[in-house]
Amino acid sequence: MNREYYGKLIFEHSHPNRRGYKLPKCEYNDVDIEIPASLLRSSAPLLPEADELTVVRHYTNMSANNFGVDTGFYPLGSCTMKYNPKINEEIAADNSVAPLHPFQPTDTVQGALEAYHTLQSYLSEIGGMAEFTLNPYAGAHGELTGLMIIKAYHRRNGDTGRINVIVPDSAHGTNPASAAVAGFNIIEVKSRPDGTVDVEDLKPLLNDTIAAVMMTNPNTLGIFEKNIPEIARLAHEAGALMYYDGANLNPMLGVARPGDMGFDVMHINLHKTFSTPHGGGGPGAGPVGVRAGMEHLLPNPRVVKNADGAYSLICADDSMGRISGTLGNFTVILRALAYILSLGRSGLAIAGKLATLNANYIKECLRDLYLLPIDTVCKHEFVFDGLADKSTGVTTLNVAKRLLDYGFHAPTIYFPLLFHESLMIEPTETESKETIDRFIEVMRGIAIEAKENPDIVKQAPHNTPVRHPDDTKAALNPIVTYQELIENA
């Protein structure tokens, strides 16, 4: 392993007795505290010893290897990696809101509760729902919350036999996972050749054991599900509810509302649609909305506006319960509110349309060199089934790695599972035409390379700090500590 090329670890900058900080002398040496022997180390831990300047330079250089929306184009399908406006960050970090404590008396945080209530009202209007809760901490957490609301709804109605949830074969992986965690069994419904749910396959699945039908619209292939009204009618006639996975809400902004389509419960990924930070394990937010008549089932506590204009917290006895200790991640909620207020009603509608325009533009510019399994107008994203010419054996993985050499993050690959060589591209509305044109140019160039010089694509990437690791070995035998690295050297 070439350490100079790959970059040294902080341990390799270590020198004995080199310090960047010195703790003050302990004032409590006379305190008699006996630590149990079972908790004491037999030897000192292996820690790096480095001065402050070395540490700062090391991690600054390391951070330059990170790829994010602020550094380059991130066409990750299904994830909507849009730019996070910096005004949102300034508002969230403002000293008037950042120090607030979640358990302060409500009369001391009226402004914060007003912001919370305002956002839940805006989301209700955008989604066509009666009321939203902002309590869930992430999109998947919101999805679980929505399913728990559905379970509570059926139980309150004495309909305890509804133990199954129908999920399309093109669904996001969180759909069946969340349903299983909520205690439901999963039944899969097939897709038609055009990528939409097969209504005829759905009909015999609907009976008095079905609690809900979970759908995304546009679906994971970027196709608008035109049969939603019929599907909703069939589900409701069977006594089931309709659940909307809001992962793909972005292109629908100002154009169509899930509530108007017939959905009863939905969640929204604030990081996908309303520009809050994405990834890194959180913090996040996954608001959940319900149709009229189900508001009382939303998790406790709820923020309500009183007749006198003040805001208060209420807890309903027939709520589905609590899903978080507080009112969610407040500063993430503020970021989304800032984004919505900045764009306004007309701006949000333009954002959704631009996302759709950008996706279709890329699709049409690449369809002659990449295999397009479903030839139709897409919404915010679309899926190629790898290269159109597969004669040289260049795979979707090879194409994705070659993109890294040109400074682009790879799109989502090998998902959805409907196609063997899926290459899922989502540009979002925030990318300029110049950036998109450059991406198209590079994608076309890679397709030509794959035919004329396939080895250069198969051996990619060539210009990254880590070039071509053994993915299988890295997954099966990960080296996660410096000691393991020494032992495996």
Side-chain angles (χ1 to χ4, degrees), residues 76 78-81 84 92 102-103 115-117 119-120 122-124 126-127 129 131-153 155 165 167 171-184 186 211-212 214-216 220 241-250 258 263-291 294-303 313 315-316 319-337 339:
L76 203 61
S78 190
C79 287
T80 316
M81 300 294 290
N84 309 140
F103 295 122
Y116 187 106
H117 188 270
L119 180 58
Q120 70 181 35
Y122 287 166
L123 295 182
S124 297
I126 291 168
M129 294 286 158
E131 188 174 331
F132 261 83
T133 176
L134 312 183
N135 294 10
Y137 289 133
H141 191 202
E143 196 168 279
L144 176 63
T145 300
L147 286 159
M148 293 171 70
I149 289 172
I150 289 172
K151 176 172 279 191
Y153 171 86
R155 283 183 174 174
V165 168
V167 177
H172 293 116
T174 54
N175 288 183
S178 297
V181 172
F184 292 110
I186 294 87
M214 298 185 74
M215 293 187 66
T216 306
T220 309
L241 297 179
M242 290 289 291
Y243 183 93
Y244 180 82
D245 175 352
N248 295 345
L249 180 65
N250 197 51
F263 287 98
D264 305 288
V265 182
M266 68 176 291
H267 86 271
I268 295 176
N269 302 73
L270 292 189
H271 57 279
K272 292 186 177 184
T273 306
F274 297 111
S275 83
T276 68
H278 192 152
V288 173
V290 295
R291 63 163 170 78
M294 297 181 67
E295 301 95 330
H296 62 287
L297 296 172
L298 288 169
N300 289 326
R302 290 164 57 199
V303 177
L313 300 179
C315 291
S319 161
M320 53 80 72
R322 282 181 178 264
I323 46 84
S324 57
T326 63
L327 294 172
N329 288 314
F330 182 63
T331 58
V332 175
I333 291 165
L334 278 184
R335 289 174 170 93
L337 179 58
Y339 180 76

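Positions are given from 1, in the same order as the sequence printed here. These numbers come from a predicted model, not from an experiment.
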**Q** Given 3.5 Å as the limit, does a donor-acceptor pair link the side chain of Gln120 with the main chain of Val303, or not?
**A**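 Judged by distance alone, yes, a pair lies under 3.5 Å.
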**Q** Contact between Leu249 and Pro258 at the side-chain level, heavy atoms closer than 4.5 Å - yes or no?
**A**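 Yes - at least one pair of side-chain heavy atoms lies under 4.5 Å apart.
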**Q** Roughly how far apart are Ile149 CD1 and Met294 CE, rounded to 0.5 Å?
**A**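 The CE atom of Met294 is 6.5 Å from CD1 of Ile149, to the nearest 0.5 Å.
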**Q** For residues Arg335 and Pro277, determine if any side-chain heavy atom of one lies less than 4.5 Å from a side-chain heavy atom of the other.
**A**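 The answer is yes, as the side chains (C-beta and beyond) meet within the 4.5 Å cut-off.
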**Q** Within this structure, what is the OG1-NE2 distance for the pair Thr220 and His172, rounded to the nearest 0.5 Å?
**A**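 One gets 4.0 Å once the value is rounded to the nearest 0.5 Å.
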**Q** Report the C-alpha distance between Tyr243 and Thr216 in whole Å, list the side-chain angles of each, state the deciding distance to 0.1 Å, and finish with yes or no for side chain to side chain contact (heavy atoms under 4.5 Å, CB included).
**A** CA-CA 8 Å; Tyr243 183 93; Thr216 306; over 6 Å; no
**Q** If we only count heavy atoms from C-beta on, is the Phe132 to Leu298 side-chain gap below 4.5 Å?
**A**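 Heavy-atom side-chain distance check fails, nothing below 4.5 Å.
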**Q** I want to check something: taking the side chain as every heavy atom from C-beta on, are Leu337 and Ile333 in contact at a cut-off of under 4.5 Å?
**A**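 Not touching, per the 4.5 Å side-chain cut-off.
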**Q** What are the two closest heavy atoms between Ala211 and Ile150, and how far apart are they?
**A**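 Heavy atoms of Ala211 and Ile150 come nearest at O-CG2, 3.8 Å.
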**Q** Taking Asn175's backbone N and O only, do any of them form a donor-acceptor pair with Glu143's side chain (distance below 3.5 Å, no angle check)?
**A**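 Yes; at least one donor-acceptor contact below 3.5 Å.
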**Q** Kindly indicate, with the supporting measurements, whether the criterion side chain to side chain contact (heavy atoms under 4.5 Å, CB included) is fulfilled by Phe263 and Met129.
**A** CA-CA 9 Å; Phe263 287 98; Met129 294 286 158; 4.2 Å; yes
**Q** Check whether any side-chain heavy atom of Tyr244 sits under 4.5 Å from a side-chain heavy atom of Met214, and report yes or no.
**A**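 Tyr244 vs Met214: side chains apart.
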**Q** With distance as the sole test, does His267 use its side chain to make a donor-acceptor pair with the main-chain N or O of Ala138 at under 3.5 Å?
**A**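 Answer holds: no.
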**Q** CZ of Arg322 to OG1 of Thr145: how many Å apart, nearest 0.5 Å?
**A**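 Nearest 0.5 Å value for the CZ-OG1 distance: 13.0 Å.
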**Q** Would you say the side chain of Pro136 lies within less than 4.5 Å of the side chain of Leu144, judging by non-hydrogen atoms?
**A**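 When only atoms from C-beta onward are counted, Pro136 and Leu144 do not touch, as no gap falls below 4.5 Å.
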**Q** How long is the gap from OG1 on Thr174 to CG on Asp245, to the nearest 0.5 Å?
**A**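 Thr174 atom OG1 to Asp245 atom CG measures 5.5 Å (nearest 0.5 Å).
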**Q** Which atom pair, heavy atoms only, marks the closest approach of Tyr339 to Thr273?
**A**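 Looks like CE2-O, 3.6 Å.
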**Q** Tell me if a side-chain donor or acceptor on Asn300 pairs with a main-chain N or O of Gly321 at a distance below 3.5 Å.
**A**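 Not at all, since once roles are kept as given, no pair shorter than 3.5 Å links the two residues.
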**Q** Quick one: closest heavy-atom pair of Pro283 and Val332, and the distance?
**A**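 Looking at all heavy atoms of both residues, the closest pair is O-CG2, 3.9 Å.
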**Q** Taking all atoms of both residues into account, what is the closest heavy-atom pair of Val265 and Gly146, and its distance?
**A**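 Scanning both residues completely, I find the closest heavy atoms to be CG1-CA, 3.8 Å.
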**Q** Under a 4.5 Å cut-off applied to non-hydrogen side-chain atoms, are Arg291 and Leu241 in contact?
**A**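 Of all side-chain heavy-atom pairs linking Leu241 with Arg291, at least one is under 4.5 Å.
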**Q** Given the rule in the side chain to side chain contact (heavy atoms under 4.5 Å, CB included) test, do His296 and Ser319 qualify, once you have shown the distances and angles that lead to the verdict?
**A** CA-CA 6 Å; His296 62 287; Ser319 161; over 6 Å; no
**Q** May I ask you to decide if Asn248's main-chain N or O and Lys272's side chain share a donor-acceptor pair within less than 3.5 Å?
**A**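 No, Lys272 side chain to Asn248 backbone: no donor-acceptor pair under 3.5 Å.
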**Q** For Ser275, enumerate each residue passing the side chain to side chain donor-acceptor pair (under 3.5 Å) test, keeping only those at least two apart in sequence or located in another chain.
**A**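 Only Asn88 meet the side chain to side chain donor-acceptor pair (under 3.5 Å) criterion with Ser275.
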**Q** If you round to the nearest 0.5 Å, how far is NE2 of His141 from OG of Ser178?
**A**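 If we round to the nearest 0.5 Å, Ser178:OG and His141:NE2 are 10.0 Å apart.
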**Q** Check Ala336 against Leu270 and note the closest heavy-atom contact, atom names and distance.
**A**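 Heavy atoms only, the tightest pair is CB-CD1, 3.8 Å.
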**Q** Residues in salt bridge (Lys or Arg N to Asp or Glu O under 4.0 Å) with Glu295, at least two apart?
**A**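 Partners of Glu295 by the salt bridge (Lys or Arg N to Asp or Glu O under 4.0 Å) criterion come out as none, since no residue qualifies.
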**Q** Can you confirm whether Thr133 sits close enough to Arg302 that some side-chain heavy atom of one is under 4.5 Å from a side-chain heavy atom of the other?
**A**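 Side-chain contact under 4.5 Å: no.
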**Q** Side chain to side chain donor-acceptor pair (under 3.5 Å) with Tyr137: which residues, sequence neighbours excluded?
**A**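 Tyr137 satisfies side chain to side chain donor-acceptor pair (under 3.5 Å) with Thr326 once adjacent residues are dropped.
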**Q** Do you know which two heavy atoms are closest between Asn269 and Gly246, and how far apart they sit?
**A**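 Shortest heavy-atom separation between Asn269 and Gly246 comes out as OD1-C, 3.7 Å.
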**Q** Return yes if some donor-acceptor pair links the side-chain N/O of Asn329 with the main-chain N/O of Gly284 below 3.5 Å, else return no.
**A**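 Pair found, side chain donor or acceptor close to backbone of Gly284.
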**Q** So, the side chain of Tyr116 versus the backbone of Leu134: is there a donor-acceptor pair under 3.5 Å, distance only?
**A**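 Looks like yes, one N/O pair under 3.5 Å.
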**Q** Would Phe274 and Ile126 count as a side chain to side chain contact (heavy atoms under 4.5 Å, CB included) if you check the C-alpha gap in whole Å, the side-chain angles of each, and the deciding distance to 0.1 Å?
**A** CA-CA 12 Å; Phe274 297 111; Ile126 291 168; 3.8 Å; yes
